[in-house]
Amino acid sequence: QTAYNILISGCCKHDRNLGRAHEIWKEMIGNNLVPDVFNYTSLMKGYCKFGQLEKALELFKNMVEAGVLPNAVTYSVVVAGYCEEGRIDKADEFLNEMEDQGIVRNLFTYSLLINKLCKERKSEEANELFILMLKRGLVPDVVIYSTLIDGYAKESNLSQAFELYEKMSNDGITPNTITYTNLICGLCNSRKINEASELFKKMNLKGLVPDKISYTTIMAGFCKIGDMKNAQGLFTEMKQKG
RNA sequence: GCUGCUAAGAGUGGUA
């Protein structure tokens, strides 16, 4: 059963293998195995990821009818599917149904909604949701903070972005490479390359190792203002460090 | 084809 799930989830990573995933699914059933919540969720994720939300919803119905209880992961997979289609309203509705079933919203479900709102450049709404989440007693983590920071940074609302950065530090949550990259990206887009550069150094001083994305982000910032010299310097450094 | 290796969340820029 677990072996089947490895195959199914593996197939679900590329849309061209979705059909294959379904065949494995059928084979599994043909071998008298009853799909469990993992199997359902894996296949549903494949469908959600590649724009076939209807099929995922059908599976959801099937599993409930078969007496297999969806868990928080199952719900969040569907929520991700709704978000993918830009249906935040439906996603939220679905989460209400989840809560009716006695499963509370967690960091993952909030993160999905917050991320989608941020991507739609609705950071204020995202922030309101974030505050609601806090009121419900959930403890934010570095992912949620980074998501929100990115949202504000992308709206060029740098003051809010840095305010959150301060807040998370006060809350004892350590910013990671992604958090810094998000801030740096915001600074670069506002042509504040000097501040971006400072932050990049600060990040290194804190022992964080810039990755490929950190480098390309700040390099793009230098390129943007025509400072090819520094851009190339960073590129050299990047190659040296592997 | 790019970054795969067992179910859910975050970051850059891409070429056909």
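Everything numeric in this text was worked out from a predicted model, so none of it was measured. Computed from heavy atoms alone, side chains included, the values below leave out hydrogens, waters and symmetry copies. In what follows, every chain begins at residue 1, and chains take the letters A, B, ... in the order their sequences are listed.
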Practice item. Start with the C-alpha gap between A:Thr174 and A:Val142, add the side-chain angles, then the distance that decides, and say whether side-chain contact (heavy atoms from CB on, under 4.5 Å) holds. Key: CA-CA 7 Å; A:Thr174 313; A:Val142 63; over 6 Å; no

Check your understanding: OP1 or OP2 of B:rG9 less than 4.0 angstrom from a side-chain nitrogen or oxygen of A:Lys45, does that happen here?
Key -> yes

Review point. Under the 3.5 Å rule, do the base of B:rA8 and the side chain of A:Ser76 count as making a donor-acceptor pair?
Key: yes

Check your understanding: Given the C1' atoms of B:rA16 and B:rC2, what is the spacing between them in whole Å?
Key -> 12 Å

Review point. Roughly, in whole Å, what's the span from CD1 in A:Ile149 to P in B:rG9?
Key: 20 Å

Revision key, fill the gap. Those stems involving RNA chain B that have three or more consecutive Watson-Crick or G-U pairs, both distances under 3.5 Å, are none

Check your understanding: For A:Ile144, which contact category applies under a 4.0 Å heavy-atom criterion: base, sugar-phosphate, or nothing?
Key -> base

Point to revise | d(NZ, A:Lys212; P, B:rU3) in whole Å | key: 8 Å

Check your understanding: If you check every side-chain atom of A:Ile178, which of B:rU6, B:rG9, B:rA10 has the closest atom?
Key -> B:rA10

Review point. Strictly under 6.0 Å, is that where the ring centroids of A:Tyr180 and A:Tyr165 end up?
Key: yes

**Study point:** Closest non-hydrogen atom pair between A:Leu208 and A:Pro175, with its separation
**Key:** CD1-O, 3.6 Å

**Study point:** Atom-pair distance (CG on A:Asn5; C1' on B:rG4), nearest Å
**Key:** 16 Å

Review point. Checking only heavy atoms, does the side chain of A:Asn182 share a donor-acceptor pair with the base of B:rA10 at less than 3.5 Å?
Key: no

Point to revise | Between B:rG11 (P) and A:Leu208 (CG): distance, integer Å | key: 18 Å

Review point. Donor-acceptor pair, A:Thr147 side chain versus A:Val143 backbone, under 3.5 Å?
Key: yes

Revision key, fill the gap. Looking only at B:rA7, B:rG9, B:rA8, the nucleotide nearest the A:Ala72 side chain is B:rA8

Review point. Is it true that a side-chain atom of A:Asn106 and a backbone atom of A:Phe108 form a donor plus acceptor pair closer than 3.5 Å?
Key: yes

Point to revise | Given B:rG11, B:rA10, B:rU6, the nucleotide with the shortest approach to the side chain of A:Asn176 | key: B:rA10

Check your understanding: Expressed as a whole number of Å, how far does the C1' atom of B:rG9 sit from that of B:rG13?
Key -> 22 Å

Review point. Which part of the nucleic acid does A:Lys224 contact within heavy-atom distance under 4.0 Å: base, sugar-phosphate only, or nothing?
Key: nothing

Review point. Which of these nucleotides, B:rU12, B:rA10, B:rU6, is closest to any side-chain atom of A:Ile6?
Key: B:rU6

Point to revise | Any donor-acceptor N or O pair under 3.5 Å, side chains A:Thr109, A:Ser76 | key: no

Point to revise | Whole-angstrom distance between B:rG4 and B:rA10, as gauged at atom P | key: 15 Å

Practice item. Kindly point out which of B:rA7, B:rG11, B:rA10 is positioned nearest to the side chain of A:Ser146? Key: B:rA10

Check your understanding: Rounded to whole angstroms, how far apart are CE on A:Met28 and C1' on B:rU6?
Key -> 14 Å

**Study point:** d(CE, A:Met133; P, B:rG9) in whole Å
**Key:** 17 Å

**Study point:** Pair A:Tyr145 + A:Phe130: ring centers closer than 6.0 Å
**Key:** yes

Point to revise | Flag, side chain of A:Asn115 to backbone of A:Leu112, donor-acceptor distance under 3.5 Å | key: no

Point to revise | Atom-pair distance (CE on A:Met98; C1' on B:rA8), nearest Å | key: 11 Å

Check your understanding: Using atom P of each nucleotide, how far apart are B:rG1 and B:rG14 to the nearest Å?
Key -> 22 Å

Practice item. Please work out whether the ring planes of A:Tyr47 and A:His22 are parallel, tilted or perpendicular, with thresholds of 30° and 60°. Key: tilted

Practice item. Can you figure out which of B:rA7, B:rG11, B:rG1 approaches the side chain of A:Arg16 most closely? Key: B:rG1

Review point. Contact class for A:Ser42 vs. all strands (heavy atom < 4.0 Å): base, sugar-phosphate, or nothing?
Key: sugar-phosphate

Point to revise | Donor-acceptor pair present, A:Thr181 side chain and B:rG11 base, under 3.5 Å | key: yes

Check your understanding: Of the nucleotides B:rA7, B:rG11, B:rU6, which has the atom closest to the A:Thr2 side chain?
Key -> B:rU6

**Study point:** Interface with RNA chain B, restricted to residues 108-125 of chain A and to heavy atoms under 4.0 Å
**Key:** A:Phe108, A:Ser111, A:Leu112, A:Asn115, A:Lys119

Review point. Which nucleotide in the set B:rG9, B:rA8, B:rA10 lies at the smallest distance from any side-chain heavy atom of A:Val77?
Key: B:rA8

Practice item. Go through B:rU6, B:rG4, B:rG11 for me and flag the one nearest to the A:Ser214 side chain. Key: B:rG11

Practice item. Please state whether the base of B:rU12 and the side chain of A:Thr217 form at least one donor-acceptor pair under 3.5 Å? Key: no

Review point. What orientation do A:Trp25 and A:Tyr40 show, parallel under 30°, tilted 30 to 60°, or perpendicular over 60°?
Key: perpendicular

Check your understanding: With no angle test and no hydrogens, is the base of B:rA7 tied to the side chain of A:Asn39 by a donor-acceptor pair under 3.5 Å?
Key -> no

Check your understanding: Mind checking the C1' distance from B:rA7 to B:rU12? Whole angstroms is fine.
Key -> 28 Å

Check your understanding: Can you tell which of A:Leu95, A:Asp92, A:Leu57, A:Ile88 makes a side-chain contact (heavy atoms from CB on, under 4.5 Å) with A:Tyr82?
Key -> A:Leu57

Exercise for review: Please confirm whether any donor atom in the side chain of A:Asn106 sits under 3.5 Å from an acceptor in the base of B:rG9, or the reverse.
Suggested key: no

Review point. Base, sugar-phosphate alone, or nothing: which one does A:Thr147 contact when heavy atoms must sit under 4.0 Å apart?
Key: sugar-phosphate

Review point. Around A:Phe162, counting heavy atoms of other residues, nucleotides and ligands shown, do more than 12 lie under 6.0 Å from its CZ?
Key: yes

Check your understanding: The side chain of A:Leu107 lies closest to which of these nucleotides: B:rU12, B:rA10, B:rG9?
Key -> B:rG9

